[in-house]
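For ligands, and for the atoms within them, numbers begin at 1 and follow the listed sequence.
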Amino acid sequence: MTARNNSTFELTIIGGGIVGLATCLQAIRKQPRVRIAIVEKEPAIARHQSGHNSGVIHSGIYYKPGSLKATNCVTGAQRMVEFCREHSIPFEICGKVVVATDDSERAGLGELMRRGTANGVPGLKMISVEQLREMEPHCTGIAAMHVPGTGITDYTRVAQKYAELIQAAGGEILTGYQVRGIVRNSSEIVLETNRGTIKASRIINCAGLHSDRIMRLSGEDSALRIVPFRGEYYEIVPARRHLVRNLIYPVADPRFPFLGVHFTRRITGGIEAGPNAVLALKREGYRKTDFNVRDAVETAVFPGFWRMAVKYWRSGVGEYYRSLSKQGFTHALQKLLPEIQAADLEPAGAGVRAQALDRTGRLLDDFVIVRSKQIIHVCNVPSPAATASLVIGEQIVEMLS
Ligand SMILES: Cc1cc2nc3c(=O)[nH]c(=O)nc-3n(C[C@H](O)[C@H](O)[C@H](O)COP(=O)(O)OP(=O)(O)OC[C@H]3O[C@@H](n4cnc5c(N)ncnc54)[C@H](O)[C@@H]3O)c2cc1C
């Protein structure tokens, strides 16, 4: 869509993913008369992380109590369910199990229970091996936790509904506009795009995998780099779907901000296995062979990258092995579901996570949103940001005032 008449807005949001759209929606709800636009480089919204994810409405068991992820996820999940209900978007609260498969994982499972309880996640329960078998008859483990409030939905549908509501309220969604330069004057900001300039009094940077670049274009550097981690999925062939009823997760490695390969029932049908977490050599690289010189060099020259590589090289090698070897991927899944075989799995696409890394080599765990004079930069909003999008949007809008 092109700009209607003149290209001057009070507020412009860069990025038409679920976070940019939710923020725009909340801004319009708060100030219905504000002249507002979203600028999105792709021909349609939700083409990147927001359209390539697991579709889980997370409950909030993983996050450190008091963190933005914890508070936003618990409230955000309730708000997401209400939103889906109100707008007839398919969703289901199917619950999930988190399963320890050996003694070394018992402490981690206990920690998830502690965090979930501290975060106010309702209905959490440690369950016996027999109860696990009743819920997921083909799953094996030595201890498990049931999270009854976890759900599934389709975040592309959610994003489309946000967009519809924005347009119905007079907001503009300018697709096919790539921001290439940012000039700041005392009274306004000029966005230089491939289709001319757009002026705005204030900007919100929700550019996901490119948010650090947008920040640098605006003349600021947060000392963070977005490092892309591809998450690859397999789908269980129809004849073997009965092996999984709902969602089955391992106990995640607490040192790593990813959840480990798991099984997810999709609201659109079918069961997915994955995603893994492989360092990608292209920010929007969905295939194993995708490579972009600028993306790869920017990652490699960032000092934090080598510090991260030293810290996590063992996990990284394991992830590459499971990416290149279907047998290796299957082997990881068999810890949870011994009956699953490589022949039961078909490749099912990938998503790429925008994960912020700092100079010390730390993968930032929490959401990071930074406010400067006329611009708010959404620097790190990985999972569960789709779940929490409405609440994140509300918080960003509050930061404007
Ligand atoms: C594999 C995977 C599984 C996940 N599973 C879940 C899950 O089950 N539940 C959950 O809650 N979360 C999940 N997430 C996380 C969730 O999808 C993301 O946190 C969320 O989609 C982030 O939204 P966003 O709007 O910030 O980013 P994006 O959706 O990536 O949107 C950013 C947008 O900015 C645009 N853009 C970038 N640069 C420019 C520019 N220069 N000019 C104009 N536009 C630009 C891009 O084209 C893009 O559309 C998952 C993520 C991945 C990758």
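With sequence neighbours excluded, no residue forms a ring-ring contact (aromatic ring centres under 6.0 Å, His included) with Phe367. With sequence neighbours excluded, the residues that form a ring-ring contact (aromatic ring centres under 6.0 Å, His included) with His262 are Tyr249. Applying the ring-ring contact (aromatic ring centres under 6.0 Å, His included) test to His138 and every residue at least two apart in sequence or in another chain returns His242.
Each of Leu109, Thr101, Val99 was evaluated against Val251; a single residue qualifies, Leu109, per the side-chain contact (heavy atoms from CB on, under 4.5 Å) test.
The immediate protein surroundings of ligand 1, defined as residues with any heavy atom under 4.0 Å of it, consist of Ile14, Gly15, Gly16, Gly17, Ile18, Val19, Gly20, Val39, Glu40, Lys41, Glu42, His48, Gln49, Ser50, His52, Asn53, Ser54, Gly55, Val56, His58, Tyr155, Tyr177, Gln178, Val179, Cys206, Ala207, Gly208, His210, Ile214, Tyr233, Val352, Arg353, Val381, Pro382, Ser383, Pro384, Ala385, Ala386, Thr387.
Remark: Arg225 is not positioned above the aromatic ring of Phe305, lacking an NZ or CZ atom under 6.0 angstrom from the ring centre and at most 45 degrees off the axis. Relative to the ring axis of Tyr177, Arg195 places its NZ or CZ within 45° and under 6.0 Å from the centre.
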